[in-house]
Amino acid sequence: MDALLTALADPARWRLVSLLAERPRPVGVLAQLAEARQPQTTKHLQALERAGVVTSQRTGQRRIYALRTAPLRELAAVLTRLADTADQVGGPRETYDRYGLSLHTERLAAEESGWADGRSFTFRRSLTGRPELVWRHLTEPSLLARWWTPDDLRVSELVFEARPGGRIVQEYRDAEDADGSDLVAGRAEGVVEDVRPGERLAYRLSPLLPDGSPAFTAHLDLGLRPTDTGTDLDVHWRITDSTIESADFIAGIEIGFGQSLDKLAATLAVDPHDTDSTEHDSDTRSTK
């Protein structure tokens with residue numbers, strides 16, 4: 001496949017392939033139609049033949065070249081599979097496009113400091129597991145690290161001190177950045193404000209700009225209510241102190257935090273009675 005792609009990448013060879021798609025032709029005629037010198041045309045045809053996309057045979061004094069369609073159909077099938085993967089409903093590309101639309105809207109709105117102050121977001125999830133277990137996933141760093149990022153990111157540093165005045169640090173990287181060589185995707189710092197185990201958790205959290213200053217302050221209020229099947233979790237976001245540069249962050253709240261909560265729901269669904277709080281991500285520094 002690599003040899004085929006390399007052969008087809010040359011515009012002159014692509015022109016010859018297009019001509020041979022119409023009918024088999026001799027070298028001299030191909031050179032005329034391609035408006036190229038015959039020795040140069042011969043070299044291109046030989047390269048295409050080595051790549052398996054054309055075949056040739058001698059007829060009298062002439063060598064006739066013809067297109068081999070099977071490699072092209074194989075390539076078309078591969079390209080179709082790639083396109084289908086990218087276009088899958090609910091897939092990463094769809095999320096990327098949704099974020100792009102939100103990003104455009106928020107950047108247009110961010111004309112001055114405070115532009116997003118007062119904006120709010122509400123999330124609700126019905127979770128498997130009693131409030132005590134859900135609470136642990138909301139407050140214990142080793143469990144938080146399992147879900148507290150969108151799908152394409154991973155927690156690389158996490159501090160969550162579950163007490164009033166407790167410190168919060170969240171740093172995250174690309175999920176496939178195994179050795180930490182890529183740039184940090186984001187970092188946020190905050191403070192815990194209210195702790196009622198199994199009932200309510202409130203804290204403020206500020207994503208940081210590249211210069212270390214806050215992009216905005218998010219005030220999060222998480223309420224837990226027991227149900228017959230587990231726990232209802234209600235999350236309310238409220239924004240203050242928004243800067244013009246916060247548009248890129250705010251554009252991703254609804255998508256990103258929604259994905260995080262979906263990961264939490266999936267984690268709890270695997271084992272709604274999980275009591276293991278000792279597992280730590282190898283890349284996460286946790287403080288409690």
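In this text, all values refer to a predicted model and were calculated from it rather than measured experimentally.
Looking only at atom types and distance, the side chain of S56 has a donor-acceptor partner in the side chain of R63 under 3.5 Å away. No hydrogens or angles considered: nothing links the side chains of S113 and T243 as a donor-acceptor pair under 3.5 Å. In this model, a donor atom of one side chain and an acceptor atom of the other lie less than 3.5 Å apart for S246 and W115. Of the N and O atoms on the side chains of T55 and E49, not one donor lies less than 3.5 Å from an acceptor on the other residue.
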List the atom pairs, with distances to 0.1 Å, where a side-chain N or O of residues 119-129 and a protein N or O form a donor-acceptor pair under 3.5 Å, not counting sequence neighbours.
from, atom 1, to, atom 2, distance (Å)
R119, NH1, E106, OE1, 3.3
R119, NH2, E106, OE2, 2.8
T122, OG1, H236, ND1, 3.4
R124, NE, D234, OD1, 2.5
R124, NH2, D234, OD1, 3.1
R125, NE, D262, OD1, 2.9
R125, NH2, G258, O, 3.2
R125, NH2, D262, OD1, 3.2
S126, OG, D232, OD1, 2.8

Show me the donor-acceptor pairs within less than 3.5 Å that the side chains of residues 65-84 make with the rest of the protein, sequence neighbours left out.
from, atom 1, to, atom 2, distance (Å)
R68, NH1, G52, O, 2.4
T80, OG1, A76, O, 2.8

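Side-chain contact between I64 and V27 is absent, with no heavy-atom pair separated by less than 4.5 Å. With a 4.5 Å cut-off on side-chain heavy atoms, V155 and L144 do not count as touching. Contact annotation: the side chain of V195 never approaches that of R200 to less than 4.5 Å [non-hydrogen atoms, C-beta and beyond]. Using a 4.5 Å cut-off on side-chain heavy atoms (C-beta onward), Q170 and L205 make contact. Annotation: side chain of L201 is in contact with side chain of V192 (closest heavy-atom distance under 4.5 Å).
Partners of E199 by side-chain contact (heavy atoms from CB on, under 4.5 Å), not counting sequence neighbours, listed by chain and number: R196. The side-chain contact (heavy atoms from CB on, under 4.5 Å) search around L101 returns none, not counting sequence neighbours.
For R154 and E176, the salt-bridge test fails: no basic side-chain N is under 4.0 Å from an acidic carboxylate O. Using a 4.0 Å cut-off between charged side-chain N and carboxylate O, D248 and R107 make a salt bridge.
When hydrophobic side chains of Ile, Leu, Val, Met, Phe, Trp and Tyr are connected at separations under 4.5 Å, L153 ends up clustered with Y172.
Rounding to the nearest 0.5 angstrom, the gap separating the CZ atom in F216 from the CG atom in D117 is 10.5 Å.
Atom CZ of R62 sits in a sparse spot, with 12 or fewer heavy atoms from other residues, nucleotides or ligands closer than 6.0 Å.
Panel note: side chain T231, backbone T227; no donor-acceptor pair is recorded below 3.5 Å.
Sorted by first and then second residue, the pairs that involve residues 24-45 and meet side chain to side chain donor-acceptor pair (under 3.5 Å), not counting sequence neighbours, are R13-H44, E22-R25.
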